[in-house]
There are 2 protein chains.
Amino acid sequence: MKRSDKPAADGPNGPRLADFLCFAIYSANLAYGRAYQPILKELGLTYPQYITVVALWEEDDQTVSGLGEKLFLESNTLTPILKKLEGMGYLTRRRDPADERQVRVSLTDAGRRLREKGLGMNLVAASGLKPDEFSRMQKGIANLRDNLIRHAQAED
Amino acid sequence: MKRSDKPAADGPNGPRLADFLCFAIYSANLAYGRAYQPILKELGLTYPQYITVVALWEEDDQTVSGLGEKLFLESNTLTPILKKLEGMGYLTRRRDPADERQVRVSLTDAGRRLREKGLGMNLVAASGLKPDEFSRMQKGIANLRDNLIRHAQAED
DNA sequence: CTGATTTAAATCGCTTACGATTAATTCCTG
DNA sequence: CAGGAATTAATCGTAAGCGATTTAAATCAG
């Protein structure tokens, strides 16, 4: 039976960190955070705040749970982020009159304007990947993610 | 000039989340956390605590900064994790007599015993990847990470 | 040798991430 | 239609992650 998150043979002291796929993802995520940071600092946004805004560019007036599905986050994480963005004037939150349980999130003009301001960031270059490699890796990781989510959901 | 973290053409409402490599990594990291969680809960460890222990299996008696280099973390993040693991009895922290600025971290017997206990986790299957794909993706992402780190360091 | 500089770890404040719970609303079923 | 079940956000506590600062020790320069 395969042990741990790696198919390679274990070293004499057990599995090696460098062979873990989970650790590659974990550390790449940290690295992305650091690569994005100087750009996002200019906008005054954190990375989670930024992707929340991007998700709203794609589709405005979403519910918290709808947004959460796209971002893979739940209300306990998302609510504070949305409140922060609301405080900065980039979006509004209001109960849906048709179903008062739901909160609908909409961009303000300022939130839409971020689209023009922000994205002068060329992190494709920083990845060191050619466009076709970039695209293939992006799809491969998204597919991995979906498999993991399916696996986690089958657990319970 | 390429905009954002994606080489694909933008949609009518700007870049699409589904085309971001950074978002694939970000969400895959969340997914891994959820996939690992039932296994780690049995051990009573969090994921960062777990990889810290794995790094110490590979090389015992490391300094905080040495460990941090391998885990891509700094003392501000690592110190609380190490204190927690020390409190659980899995490692010891002591100032290096030869250089009192440094703290050397060593596994206890209990920490080494985790190696036998823990790793009955077959997340290779959960990834949905064949061993060669798994290995290729692991290397590709580690390479991406290293490029991003280099890029971030060139910034300052 | 002494005072400035550098280095290592720790501390603090703030923002995620998430399990568990709660409050409010809607729905379902008898 | 009444009362319990289900759904949606929000809240709370805990643990990362990280920028900025602090403390202590070692090193360096004059």
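Numbered from 1 within each chain, the chains take letters A, B, ... in sequence-line order. This is a predicted model, so every value here is computed, not measured.
Here salt bridge (charged side-chain N to carboxylate O under 4.0 Å, His left out) pairs that include residues 133-146 of chain A, with residues two or more places apart or in two chains, are K130(A)-E133(A). Among residue pairs with one or both ends in residues 22-41 of chain A, none qualify as salt bridge (charged side-chain N to carboxylate O under 4.0 Å, His left out); sequence neighbours excluded. Counting only residues at least two apart or in different chains, salt bridge (charged side-chain N to carboxylate O under 4.0 Å, His left out) contacts with residues 52-64 of chain A comprise E59(A)-K70(A), D60(A)-R112(A), D61(A)-R94(A), D61(A)-R104(A).
Take D132(A) and apply the salt bridge (charged side-chain N to carboxylate O under 4.0 Å, His left out) test, not counting sequence neighbours, and it matches no residue. For R95(B), the salt bridge (charged side-chain N to carboxylate O under 4.0 Å, His left out) test picks out no residue, with sequence neighbours left out. Judged as a side chain to side chain donor-acceptor pair (under 3.5 Å), and not counting sequence neighbours, Q102(B) has no contacts. When the salt bridge (charged side-chain N to carboxylate O under 4.0 Å, His left out) test is applied to E42(B), no partner is found at least two apart in sequence or on another chain. Scanning for ring-ring contact (aromatic ring centres under 6.0 Å, His included) contacts around F72(A) gives an empty result, with sequence neighbours left out.
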In a table with atom names and distances, give each donor-acceptor pair under 3.5 Å that connects a side chain of residues 75-89 of chain B to protein atoms at least two apart or in another chain.
from	atom 1	to	atom 2	distance (Å)
T79(B)	OG1	S75(B)	O	2.8
E86(B)	OE1	R93(B)	NH1	3.0
E86(B)	OE2	R93(B)	N	3.3

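Atom CG of residue N29(A) and atom OH of residue Y26(B) lie 8.0 Å apart, to the nearest 0.5 angstrom.
Within the 4.0 angstrom heavy-atom criterion, only backbone atoms of the sugar-phosphate kind lie near R93(A); the bases stay farther away.
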Could you write out each protein N or O paired with an N or O of nucleotides 1-4 of chain C at a distance under 3.5 Å?
none

For this session: Scan nucleotides 15-24 of chain C nucleotide by nucleotide, 5' to 3', and note B when protein non-hydrogen atoms come under 4.0 Å of the base, S if they reach only the sugar-phosphate, - if neither.
Result: SSBBBB----
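Taking a heavy-atom distance under 4.0 Å as the criterion, the stretch of DNA chain D touched by chain A extends 5' to 3' from dT7(D) to dG19(D).
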